[in-house]
Amino acid sequence: MLPGRILLAGLRRSASAASSVAQSPKNMCYWDRVIWSSRYFHSASDNAFSEGGSKAKELPDPFALIKDEVSEVTDRLRSMVVAEIPELTSTAGYFFRAGAEGKRTCPTVLLLMASAISTDMSDPIVGLENKPRARHMRVAEITEMIHISNLIHDDVLDNADTRRGMDSLNFTVGKKLAVLAGDFLLFRAFSAAVALDNTEVVSLLATAVNNLVTGELMQLTITPAQRCSMDYYLQKTYYKTAALISNSCKAVAVLSGQTTEVQDLAYQYGRHLGIAYQLIDDILDFTGTSASLGKASFSDINQGIVTAPILFAMEEFPQLREIVEQGFDDPSNVDVVLKYLQKSQGIERTRLLAAEHAKLAAAAIDDLPASEDPVVLSSRQALKDLTQKFLRRTK
Amino acid sequence: MSWRWALARRVAKLAATDGGGGAQAQRLLPTSSAAAGTGLLGRLHMPLASQIRSKVVGCRGAALVSSRWLHDAQYQVRQDGASRAQEQQDPFELVADELSLLANRLRSMVAAEVPKLASAAEYFFKVGAEGKRFRPTVLLLMASALKFPLSESTEGGVLSILADKLRTRQQNIAEITEMIHVASLLHDDVLDDADTRRGVSSLNLIMGNKLSVLAGDFLLSRACVALAALGNTEVVSLMATAVEHLVTGETMQISTSREQRRSMEYYLQKTYYKTASLISNSCKAVAILAGHTAEVSMLAYEYGRNLGLAFQLIDDVLDFTGTSASLGKGSLSDIRHGIITAPMLYAIEEFPQLQEVVDRGFDNPANIEIALDYLRKSRGIERTKELAREHADRAVKAIESLPDSDDEDVLTSRRALIDITERVITRTK
């Protein structure tokens, strides 16, 4: 068990390291972003990139476009979780330490979305206090905190030992403190949301939190019949994975004062992106390795969680249904199911479904109101590239 | 801690019964006139309750009850020693109907898409385990105590509609507070491996660790949704702070270092976080929803804070002096879990050698005996009671400092709140 002091020292170290790095302006000023985005845009258009996925050329990295701002988000997160007592600060900040932050997909998507829907051309030279941008960054921070809070509780529930390639929080400090840290993060996030002074945004985020819990519950209380249902699985997946990002995308649109149509498009993007992400995740649980995943593979099925590939396989091999209904307490059942899966088209069909959702996500972006602003355009491109990137990931 | 269910289980018996069952009105404290009083009050209560049961207990309903109350049971006001009460009406009775309403609303709010969860979360709101209604009682009384006078309000008039709307929002605070409280207990249960809580097998035992964590999460997320619906940022801030404090207090308890265990200051801080913060912040929230000034809101806060502290201190005393049958948890449970409370801390001040005993820990029951010996010799228990009395007095002062009002309902509620502080410190179980 890692003593709290060491955790806290790690937190302090990373915070001070970040501040000693070359200062980027509080918010990248407009013209800097134009320069950045034009680089991105050119490299994007250089690629002979089609919907089917070009194998020949590398996609530009959508994460790169916005990584400075995302770093700012992480830095700020470290200070946002400072509690009255050091033990709580260190546990709550566990996943915000340098090197522990993960891919930070949530903030990346949200900040890109904020740029993608921006229609404010009236004041191109933005001063140091780009207020709307600051509020979007708040949403990114809040979403990340909710996300981490959820991860922490998930690990407690699953008794997971590792997360992101390192010890899980509950492994490090025990279930007790992990559960408490999760609660703390959740309400810190909620307070920050309320400080935005927009009741619709608060509502959206509260809904997302509620959905997360519902999704987890659907998992925990699943009956044998529900285990075999694709509808149930997709609903649960929406709640567990897509609800947060879709509601936060919508929140970003609401904060920008966008129309309900744009809000809905932002929501749809988040929703389809989230589902696509999870479907690929489900595939990787069968095809990836512990090394590449940062967590155990075959963990879903070993925990008795039936995912899309198996559900598709069940459509081809009805005899599989009986075994699935029995559950997976008996490890030989796992082997049987895996054999069927290999014979079936389960993995391929899941990949196709993921591609379908990726396409829908990209379509939502395409439906956004036209714009000529280079920053807006490159952000939209980045969002679309992100969907493809998810489809291709191997970890 | 045991105070939550000790007093509150009494409340459960009261609150769980409808107004019609008020004939069974039980006393929290046995008084000599109890036997005579019950019958009298019971008879009086029945017609009243049936009148108002079908309606929301709004201002008028409450005024009806309280005016009969005043006439039929002269209530002793602490500061005017002039009139002696013939008998003391139970302050919890005053809001019993409203509480039933809340319970029903909570039950339907808790009915989620996942039915299994509904049964899990309902567990603590069910009859029998409904002890957890102490907080809502205080909050509802506080709401009444802070009512602005209504000038001309006809039934259904604009002012009375607004008043009803406010009352609903204040009721929501009570519900939210209860959800947060139960959620923290559920998460607590995961931590403490408590076998029994409130005299019934804990949820943890019955439904497993996972479901407890999730049920707690569910309640917290529902509380978030309900808070968002109130649309008042200050109120949300207060409740979020309360949750943070709950978490902080529990963390303090788990990760207490040796030096911190000796410190009365640390103990009182932890006690505030774990016990008083929730009730104080929700009292303040009730005041803020009503649009009161910062001063009045602070008075509400002070009442809640001091009441909570007084309650916990007496709870600590009872953990030493009570009996297990009445506490629902084995007594001496604090010390057995290595939790050093106020009486012991005071005893250590008098007998420094007790510190060594405490440091050795209490895995060895012989050590417990030694510590108890010192405690008996010391004034630990007395001093704790004195401190509790001090806090109770401050709570009373807060109520007395509220802006004057002529409204009978307001005055009755304020007296009830004062009465509660008295009951808190004089309870024996």
Side-chain angles (χ1 to χ4, degrees), chain A residues 4 83-88 91-92 149-150 153-154 156-159 173-223 235 239, chain B residues 112-117 120 180 183-184 186-188 190-192 208-257 260 269-270 273:
Chain A
E84 299 235 16
I85 50 177
E87 291 87 354
L88 198 48
T91 48
S149 153
N150 186 242
H153 276 202
D154 265 1
V156 169
L157 292 170
D158 296 339
N159 259 316
V173 299
K175 281 189 183 183
K176 305 180 166 210
L177 288 171
V179 169
L180 289 175
D183 292 344
F184 172 76
L185 275 174
L186 177 63
F187 271 81
R188 267 292 155 102
F190 196 57
S191 306
V194 164
L196 287 172
D197 224 354
N198 182 317
T199 49
E200 198 182 343
V201 166
V202 174
S203 214
L204 285 168
L205 292 169
T207 305
V209 168
N210 210 22
N211 287 347
L212 284 170
V213 176
T214 306
E216 195 59 43
L217 277 160
M218 286 176 80
Q219 184 61 59
L220 193 67
T221 60
I222 199 166
T223 64
Q235 174 74 312
Y239 280 148
Chain B
E113 278 180 34
V114 189
K116 261 197 195 170
L117 176 63
I180 290 176
S184 76
L186 283 167
H187 283 177
D188 247 19
V190 171
L191 316 187
D192 289 350
N209 235 3
K210 279 192 177 184
L211 207 55
S212 300
V213 174
L214 267 180
D217 284 350
F218 173 76
L219 286 174
L220 285 177
S221 75
R222 280 285 171 163
C224 283
V225 170
L227 276 170
L230 283 177
N232 183 315
T233 55
E234 199 180 349
V235 163
V236 176
S237 271
L238 284 172
M239 301 311 287
T241 306
V243 172
E244 260 186 54
H245 285 175
L246 282 171
V247 168
T248 306
E250 185 64 31
T251 307
M252 281 169 90
Q253 182 142 300
I254 294 171
S255 41
T256 328
S257 73
Q260 289 161 333
Q269 177 74 310
K270 183 199 67 166
Y273 282 151

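Just so it is clear, the values below take in all heavy atoms, side chains as well, and ignore hydrogens, waters and symmetry mates. Each chain gets a letter, A, B and so on, in the order its sequence line appears, and its residues count up from 1.
- Heavy atoms closer than 4.5 Å to chain A are found in both the backbone and the side chain of B:V225.
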(message) Let's go through A:N210 and B:F218 carefully: what are the C-alpha distance in whole Å and the side-chain angles of both, what is the deciding distance for side-chain contact (heavy atoms from CB on, under 4.5 Å) to 0.1 Å, and is it a yes or a no?
(response) CA-CA 7 Å; A:N210 210 22; B:F218 173 76; 4.3 Å; yes
(message) Quick one, B:I254 with A:L180, criterion side-chain contact (heavy atoms from CB on, under 4.5 Å). Give me CA distance, side-chain angles, the key distance, then yes/no.
(response) CA-CA 11 Å; B:I254 294 171; A:L180 289 175; 4.0 Å; yes
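- Interface summary for chain A: among B:T241, B:T233, B:L230, the most heavy-atom pairs under 4.5 angstrom belong to B:T233.
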(message) Could you go through B:H187 and A:H153, starting from their C-alpha distance and side-chain angles, then the distance that decides it, and tell me whether this counts as side-chain contact (heavy atoms from CB on, under 4.5 Å)?
(response) CA-CA 11 Å; B:H187 283 177; A:H153 276 202; 4.0 Å; yes
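- Note that CG of B:L214 and CG of A:L212 are 11.0 Å apart. Values are rounded to the nearest 0.5 Å.
- Taking NE2 of B:H245 as the reference point, atom CD of A:E84 lies at 5.0 Å (rounded to 0.5 Å).
- For chain B, the option among A:V202, A:I85, A:V209 with the highest count of heavy-atom pairs below 4.5 Å is A:I85.
- Counting heavy-atom pairs under 4.5 Å between each of B:V236, B:V247, B:N232, B:L227 and chain A puts B:V247 at the top.
- Annotation: the span from A:L88 atom CG to B:E250 atom CD amounts to 11.5 Å, rounded to 0.5 Å.
- A pairwise comparison of heavy atoms in A:A206 and B:A228 identifies CB-CB, 4.3 Å as the closest pair.
- Considering CG of A:L205 and SG of B:C224, their distance stands at 10.0 Å, rounded to 0.5 Å.
- Atom CZ of A:F187 sits about 12.0 Å away from atom OG of B:S237, to the nearest 0.5 Å.
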